[in-house]
Amino acid sequence: MNSLKLFARRTSAAFYNPTSSFSPYYRSLSSSVSAPPNNNNKLFVAGLSWSVDERSLLDAFSNFGEVTEVRIMYDKVTGRSRGFGFVYFAKDDFAVSAKDAMDGKELLGRPMRISFAVDRVRGDPTMVSRIRDSEAAIRYKN
DNA sequence: GTTGAGCGTT
């Protein structure tokens, strides 16, 4: 019974909508005190060409400010790129301007889709807000 | 020699 309710709640669109009172983020929005689900200094970069490595990703993003770390996710067995990665900036402003400039731009022939990274939480599946990043960045500011 | 939406390690 309870597990059924939980399933229904988690699969509802309201659960994933931070503006909904069904969402676990609703309280943090109301109080604007808790940690935001989005990191404004970490970028999630998807749509990467298989041949893009961390070096070329760093080169592409280091013009916008200090990049503290770059990661590309590789397949455990084949060792090939999974086509997405993360870029960590020293400041939020760097990430914001990098996203604005690079989102949709091509790297090695493929357009990158960039958004602000969400924190992965142990256990639960990662929840990605369905609202636009630009909107989220404003909404979750501080 | 392949594929193409996505939110990850210690």
Side-chain angles (χ1 to χ4, degrees), chain A residues 3-142:
Chain A
S3 58
L4 269 179
K5 281 182 184 175
L6 183 65
F7 178 76
R9 192 167 67 93
R10 288 195 165 213
T11 50
S12 74
F15 185 78
Y16 293 94
N17 181 0
T19 63
S20 163
S21 58
F22 290 104
S23 166
Y25 295 136
Y26 180 74
R27 277 187 58 221
S28 63
L29 280 175
S30 309
S31 60
S32 66
V33 166
S34 302
N38 289 47
N39 293 92
N40 290 351
N41 67 324
K42 280 191 209 170
L43 293 184
F44 168 68
V45 184
L48 292 174
S49 167
W50 315 123
S51 49
V52 170
D53 62 358
E54 295 180 336
R55 180 68 217 181
S56 50
L57 198 59
L58 173 64
D59 288 343
F61 282 88
S62 53
N63 301 322
F64 301 95
E66 183 190 349
V67 175
T68 58
E69 191 174 351
V70 167
R71 299 189 76 89
I72 287 181
M73 293 338 214
Y74 293 95
D75 187 274
K76 283 188 178 112
V77 290
T78 68
R80 274 189 304 196
S81 168
R82 292 170 63 189
F84 72 93
F86 299 87
V87 181
Y88 304 71
F89 285 92
K91 290 187 165 195
D92 291 5
D93 294 342
F94 300 157
V96 171
S97 55
K99 177 183 180 299
D100 288 342
M102 300 297 279
D103 192 15
K105 272 200 75 179
E106 286 193 0
L107 187 59
L108 269 49
R110 291 193 69 91
M112 295 181 285
R113 304 191 313 276
I114 307 180
S115 45
F116 295 103
V118 296
D119 280 327
R120 194 175 65 84
V121 179
R122 200 182 80 86
D124 285 347
T126 307
M127 291 185 299
V128 179
S129 170
R130 297 295 188 249
I131 62 180
R132 302 281 86 190
D133 263 344
S134 52
E135 192 181 337
I138 297 169
R139 201 181 286 277
Y140 292 122
K141 195 128 193 175
N142 292 345

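Just so it is clear: chains get the letters A, B, ... in the order the sequence lines come, proteins before strands, and each one is counted from 1.
For the pair A/Arg80 and A/Tyr88, both in contact range of DNA chain B, the more 5′-proximal nearest nucleotide belongs to A/Arg80. Along DNA chain B, the nucleotide nearest to A/Arg71 and the one nearest to A/Arg82 differ in position, and the one closer to the 5' end is contacted by A/Arg82.
Applying a 4.0 Å cut-off to non-hydrogen atoms, the residues of residues 41-68 of chain A that approach DNA chain B are A/Lys42, A/Phe44, A/Ala46, A/Gly47, A/Leu48, A/Ser49, A/Trp50, listed by residue number.
Rounded to the nearest 0.5 angstrom, A/Met102 CE and A/Leu107 CG are separated by 6.5 Å.
A/Tyr74 contributes no side-chain N or O that forms a donor-acceptor pair with the base of B/dG8 under 3.5 Å.
Under the 4.5 Å side-chain criterion, counting only non-hydrogen atoms from C-beta, A/Met112 is in contact with A/Leu48.
Rounded to an integer number of Å, the gap from A/Asp75 CG to B/dT2 P is 14 Å. If you measure from atom CD1 of A/Ile114 to atom P of B/dC7, you get 16 Å, rounded to the nearest angstrom. Note: CZ (A/Phe86) to P (B/dT10) measures 14 Å, nearest angstrom. When rounded to the nearest whole Å, the span between CZ of A/Arg110 and P of B/dG4 equals 9 Å.
Under the stacking definition used here (centres under 5.5 Å, planes under 30°), the residue A/Phe84 fails to qualify as stacked on the base of B/dG6.
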Exercise. Can A/Phe44 and A/Phe86 be said to form a ring pair (Phe, Tyr, Trp, His ring centres under 6.0 Å), step by step?
Worked result: CA-CA 5 Å; A/Phe44 168 68; A/Phe86 299 87; 5.6 Å; yes
Return all side-chain donor-acceptor pairs below 3.5 angstrom for residues 55-63 of chain A, not counting sequence neighbours, or 'none' if the list is empty.
residue : atom : partner : partner atom : Å
A/Arg55 : NE   : A/Asp59 : OD1          : 3.4
A/Arg55 : NH2  : A/Asp59 : OD1          : 3.1
A/Ser56 : OG   : A/Asp53 : N            : 3.1
A/Ser56 : OG   : A/Asp53 : O            : 2.9
A/Ser56 : OG   : A/Asp53 : OD1          : 2.7
A/Ser62 : OG   : A/Leu58 : O            : 3.0

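Taking the side chain to side chain donor-acceptor pair (under 3.5 Å) definition, one finds that A/Arg80 meets it with nothing, sequence neighbours left out.
When distances run from any side-chain atom of A/Arg113 to the nucleotides B/dG8, B/dG6, B/dC7, the shortest one goes to B/dG6.
Without hydrogens or angle criteria, A/Thr68 side chain to A/Ala90 main chain gives no donor-acceptor distance under 3.5 Å.
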